Amino acid sequence: MSALTTAAGLDLVVAAGDGWIGEVPAGGRLRIVDLHGNQAVDTLLYDARDYANRYSAMDTVRAQQAVYLSTGSRLLSTGGDVLATIVDDTVGRHDTLGGACSKESNVVRYGDHTRHQHACRTTFLRQLDRWNRAAPDDRQGRPPLTVRDLGHNINFFMNVPVTVDGGLSFEDGLSAPGKYVELRAERDILVLVSNCPQVNNPCNGYDPTPVRLIGAGW
Ligand SMILES: [Zn+2]
């Protein structure tokens with residue numbers, strides 16, 4: 001068990017703009033609760049024994065022949081392994097096409113005045129730094145995670161519909177207060193979460209809010 005998760009499991013509230021990183025063992029479940037609705041939770045998964053074997057949006061979409069994630073979606077890795085399965089979902093669908101917000105994408109999309117706004121990629125890097133600084137035995141000799149390990153992510157609760165002509169748009173959320181999604185780890189995985197602070201598009205209803213992470217079975 002990692003020092004960054006509690007021994008009795010996990011039950012914590014993550015503020016908007018904050019994040020979490022920790023291991024979920026094979027068979028363990030992680031529920032993410034959208035406490036106030038209309039929140040986006042950017043998430044990356046890694047094989048806990050081999051960080052290079054990380055979540056692959058492209059392989060996940062290809063294998064399930066659908067672009068949205070929901071109950072039954074098997075979240076595949078770059079190596080073709082199932083890292084986790086979505087076993088419960090009260091929202092209906094989640095995005096894995098829209099990517100994570102960054103200072104750079106904010107400037108391109110919304111203008112130079114957004115350059116210094118907090119963004120998900122910054123949270124990801126901050127959480128990786130926390131993980132890298134953890135006691136060496138927590139990582140069991142595995143190499144530190146860097147910006148190169150930030151691949152295409154999942155956006156739980158985020159509504160990015162694909163239009164009939166193949167376009168993507170960020171739309172008002174389908175989620176609502178108390179709705180949740182639950183993952184079951186299919187092998188030991190490392191989970192990296194950014195509770196999105198974005199205020200320039202409707203993914204968070206222009207009002208980023210906290211989410212709750214609940215572990216079970218570990
Ligand atoms: Zn974001």
Side-chain angles (χ1 to χ4, degrees), residues 12-22 30-46 54-58 60-61 67-69 75 84 86 89 91-131 145-162 167-177 179-181 183 190-213:
L12 58 85
V13 171
V14 179
D18 203 353
W20 177 76
I21 187 167
L30 177 66
R31 178 178 292 196
I32 306 172
V33 185
D34 189 357
L35 292 173
H36 299 276
N38 268 19
Q39 185 56 23
V41 181
D42 296 43
T43 303
L44 285 164
L45 308 175
Y46 303 85
R54 67 191 188 201
Y55 174 71
S56 169
M58 191 173 295
T60 297
V61 166
V67 295
Y68 304 127
L69 305 180
L75 308 176
I86 298 178
D89 174 20
V91 179
R93 73 183 199 205
H94 305 263
D95 168 68
T96 193
L97 303 176
C101 66
S102 66
K103 293 174 183 294
E104 292 82 1
S105 66
N106 279 344
V107 168
V108 170
R109 288 174 177 151
Y110 310 114
D112 202 50
H113 67 285
T114 65
R115 180 178 299 278
H116 300 291
Q117 291 178 358
H118 192 64
C120 281
R121 278 181 72 85
T122 311
T123 296
F124 280 155
L125 290 171
R126 184 165 162 263
Q127 294 300 319
L128 290 186
D129 187 56
R130 274 187 74 213
W131 190 248
L145 287 152
T146 73
V147 67
R148 292 172 65 92
D149 297 299
L150 298 182
H152 307 125
N153 61 293
I154 300 165
N155 293 305
F156 287 119
F157 308 116
M158 188 166 162
N159 183 25
V160 184
V162 179
L168 293 177
S169 59
F170 297 146
E171 299 291 341
D172 196 13
L174 301 170
S175 187
K179 295 210 171 194
Y180 63 85
V181 62
L183 310 180
L190 177 67
V191 180
L192 172 58
V193 166
S194 167
N195 190 19
C196 184
Q198 182 60 258
V199 292
N200 300 291
N201 73 45
C203 72
N204 297 325
Y206 301 100
D207 180 23
T209 50
V211 297
R212 183 178 176 192
L213 304 181

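Fair warning: this is a prediction, and the values are worked out from it, not measured in the lab. We number each residue from 1, following the sequence as shown. Counting starts at 1 for both ligands and their atoms, in listed order.
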**OP:** List in chain and number order the residues that pass side-chain hydrogen bond (donor to acceptor under 3.5 Å, both in side chains) with R54, two or more places apart in sequence or in another chain; answer none if no residue qualifies.
**Re:** none
Original post:
What residues form a salt bridge (charged side-chain N to carboxylate O under 4.0 Å, His left out) with D129, not counting sequence neighbours?
Top reply: R133
Original post:
Can you list every salt bridge (Lys or Arg N to Asp or Glu O under 4.0 Å) pair that touches residues 104-120, not counting sequence neighbours?
Top reply: D112-R115
Original post:
Side chains of H152 and T96: is there a donor and an acceptor less than 3.5 Å apart?
Top reply: no
Original post:
Which count of protein N, O or S atoms is obtained for distances strictly below 2.8 Å from the Zn ion (ligand 1)?
Top reply: 3
**OP:** State plainly whether the residues D18 and R126 are in salt-bridge range, i.e. N to O under 4.0 Å.
**Re:** yes
Subject >> Donor on one side chain, acceptor on other, N38 and D172, under 3.5 Å >> reply: yes
